[in-house]
Structures are given as structure tokens and as C-alpha cells.
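Notes for the one structure printed next.
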Amino acid sequence: MYTGLQHLHSYMGYLVLLGLLISLGAALVGLSGNRTFTDKDRKLGLFGLIATHLQVVIGIILYLVSPLGLSNASGAAIKDATSRLYFLEHPLMMVLAVILITVGYSKAKRQIGTNRGFKTIAIFYGLGLILVLSRIPWNAWLD
Ligand code: HEM
């Protein structure tokens with residue numbers, strides 16, 4: 001089960017980046033066109049939202065079974081940069097990123113018919129993407 005989840009979480013990482021880039025790209029295009037935010041534009045925000053939500057659920061289960069997750073949490077592990085990344089920084093930042101993305105989507109949903117939805121998605125998803133990029137274990141992932 002551990003290896004399966006590890007692979008799923010690893011492949012889903014690409015889907016998360018793709019989903020966020022699609023949602024963010026669409027918002028930036030809409031923003032530069034200065035048009036009204038429509039329900040179709042809201043749906044483009046779902047790419048990033050759904051991919052990140054799925055990934056967090058898989059991540060939480062993985063956290064419970066991985067030797068790098070909860071079972072590795074200790075005072076000593078905090079002093080080691082790699083251990084700290086996996087048991088503390090990565091989960092915390094990813095959850096924060098998803099909260100930002102969820103708040104952004106919820107706000108934008110209420111801005112249909114105005115021209116503000118694009119800016120909301122661009123800011124919240126943009127910040128979320130920065131957090132995600134900052135705490136991906138790049139070396140292990142691209143190995
Ligand atoms: C948007 C959210 C997230 C993204 C994009 C993401 C991405 C990744 C990536 C790319 C890896 C490296 C995979 C590899 O070695 O090939 C990884 C590992 C890991 N992630 Fe996440 N993650 C996210 C959320 C979470 C959350 C919320 C948790 C826990 C609560 C979590 C727990 C872990 C753990 C424990 C590992 C190490 C697994 C192992 O090799 O044993 N992730 N994550």
C-alpha cells in the first residue's frame with residue numbers, strides 16, 4: 001500500500017502543477033483582457049482546486065504510512081533538513097497552499113458578473129503555487 005500511494009502521490013504532483021498552471025494562466029489572460037468573470041471562467045479555476053484537494057487527501061494518508069511522515073516526527077528529526085522537510089515543512093506548506101487556493105476559488109465564485117474574479121484567482125492561486133513550489137522535495141521527485 002505504501003509504494004502504491006508513494007507513486008500515486010508522485011504522479012499526482014504533475015497533475016497539481018498542470019492544474020494550477022491552467023487555472024492561473026486562464027486568470028491572467030482574463031485579467032489582461034479586462035472582461036467580465038463568467039461561470040465558464042469559474043470552472044477553469046476548478047482544475048487547480050480539484051487537483052490540489054485530491055493530492056492533499058492522498059498526502060495525508062501517505063503521511064500516516066510513510067517512514068518519512070508522522071512516524072518520523074521528533075525533536076531530533078527537526079534538526080535534520082531532509083527529515084524536517086518531509087514530516088513538517090512539506091505537509092504544512094501544502095495544506096496552507098490549498099487553504100489559499102480554496103479561499104481564492106470561493107471568493108471568485110461570488111464575483112461572477114464582475115471583473116474582479118480573475119484578479120482574485122491570480123493572487124490566491126499565484127501565492128498557493130509559490131508555496132507548493134517552495135516545498136516540493138525536488139531532488140527525490142525528479143530523480
Ligand atoms: C498540493 C499538495 C502536494 C503536492 C504537490 C505534493 C507533492 C509531493 C511530491 C512531488 C513528493 C515527492 C514524491 C517522490 O519522491 O517522487 C511528495 C512526497 C511526500 N508528500 Fe506530498 N504533496 C502535497 C501534499 C502533501 C500533504 C498535504 C502531505 C501530508 C499531510 C504530504 C506528504 C508527503 C510525504 C509524507 C511524502 C514523502 C513520501 C515518501 O517518499 O515516503 N504531501 N509530495
Side-chain angles (χ1 to χ4, degrees), residues 1-33 35 37-112 114-143:
M1 155 140 150
Y2 166 53
T3 314
L5 276 174
Q6 203 184 17
H7 284 125
L8 184 62
H9 193 67
S10 185
Y11 289 125
M12 276 290 301
Y14 294 103
L15 217 62
V16 167
L17 293 188
L18 186 72
L20 285 178
L21 288 176
I22 290 173
S23 297
L24 186 60
L28 290 174
V29 169
L31 193 61
S32 67
R35 17 175 223 98
F37 187 75
T38 64
D39 194 52
K40 212 174 129 207
D41 299 311
R42 173 192 66 81
K43 285 183 183 146
L44 287 167
L46 283 174
F47 281 96
L49 185 84
I50 293 172
T52 48
H53 276 231
L54 280 175
Q55 181 70 321
V56 164
V57 173
I58 299 163
I60 290 171
I61 304 169
L62 184 58
Y63 192 71
L64 301 175
V65 297
S66 166
L68 300 169
L70 186 64
S71 65
N72 191 37
S74 70
I78 282 198
K79 298 195 186 99
D80 178 67
T82 307
S83 300
R84 193 173 58 236
L85 174 66
Y86 282 109
F87 93 81
L88 187 65
E89 297 172 352
H90 174 77
L92 201 66
M93 283 301 173
M94 299 299 163
V95 168
L96 265 179
V98 173
I99 291 174
L100 276 172
I101 290 160
T102 309
V103 169
Y105 176 82
S106 310
K107 272 177 168 291
K109 205 168 72 172
R110 284 180 260 112
Q111 292 170 335
I112 290 172
T114 73
N115 63 353
R116 301 197 313 276
F118 296 117
K119 195 172 173 185
T120 304
I121 298 243
I123 292 173
F124 283 85
Y125 280 49
L127 289 174
L129 180 60
I130 290 170
L131 292 189
V132 168
L133 293 178
S134 79
R135 285 298 174 275
I136 278 182
W138 291 103
N139 291 338
W141 194 31
L142 302 178
D143 220 13

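Atoms within a ligand are numbered from 1 in the order they appear, just like the ligands themselves.
Under the side-chain contact (heavy atoms from CB on, under 4.5 Å) rule, T102 has a single partner from L100, V98, I99, which is V98.
Taking OG1 of T120 as the start and OH of Y105 as the end, the distance is 13.0 Å to the nearest 0.5 Å.
Neighbouring protein atoms of atom 21 (Fe) of ligand 1 (N, O or S, distance under 2.8 Å, waters ignored): H9 NE2, H90 NE2.
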Can you list, pair by pair, the side-chain donor-acceptor contacts under 3.5 Å of residues 7-17, counting residues two or more places apart and other chains?
unit_1, atom_1, unit_2, atom_2, d
H7, ND1, T3, O, 3.1
H9, ND1, Q55, OE1, 3.0
S10, OG, W141, NE1, 3.4

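For R116, there are no salt bridge (charged side-chain N to carboxylate O under 4.0 Å, His left out) partners, not counting sequence neighbours. Looking at residues two or more places apart in sequence or on another chain, you find a ring pair (Phe, Tyr, Trp, His ring centres under 6.0 Å) between F118 and F37.
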**OP:** Could you walk me through whether L21 and F47 pass the side chain to side chain contact (heavy atoms under 4.5 Å, CB included) test, one step at a time?
**Re:** CA-CA 9 Å; L21 288 176; F47 281 96; over 6 Å; no
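Within the 3.5 Å criterion, the main-chain N or O of V29 finds a donor-acceptor partner in the side chain of S32. Between the side chain of D80 and the backbone N or O of A77, no donor-acceptor pair lies under 3.5 Å. Side-chain atoms of Y125 come within 3.5 Å of backbone N or O of G45 as a donor-acceptor pair.
In summary, the atoms of ligand 1 found under 4.0 Å from a heavy atom of S66, numbered by their order in the structure, are 38 (C), 39 (C), 41 (O). Heavy-atom proximity to Y86, at under 4.0 Å, picks out these atoms of ligand 1: 36 (C), 37 (C). With ligand atoms numbered from 1 in the order given, ligand 1 contributes 39 (C), 40 (O), 41 (O) to contacts under 4.0 Å with heavy atoms of Y2. In the vicinity of S10, heavy-atom distances shorter than 4.0 Å reach the ligand 1 atoms 13 (C), 14 (C), 16 (O).
The nearest heavy-atom contact from the protein to atom 40 (O) of ligand 1 is Q6 NE2, 2.9 Å. Distance from atom 27 (C) of ligand 1 to its nearest protein heavy atom, with residue and atom name: V95 CG2, 3.9 Å.
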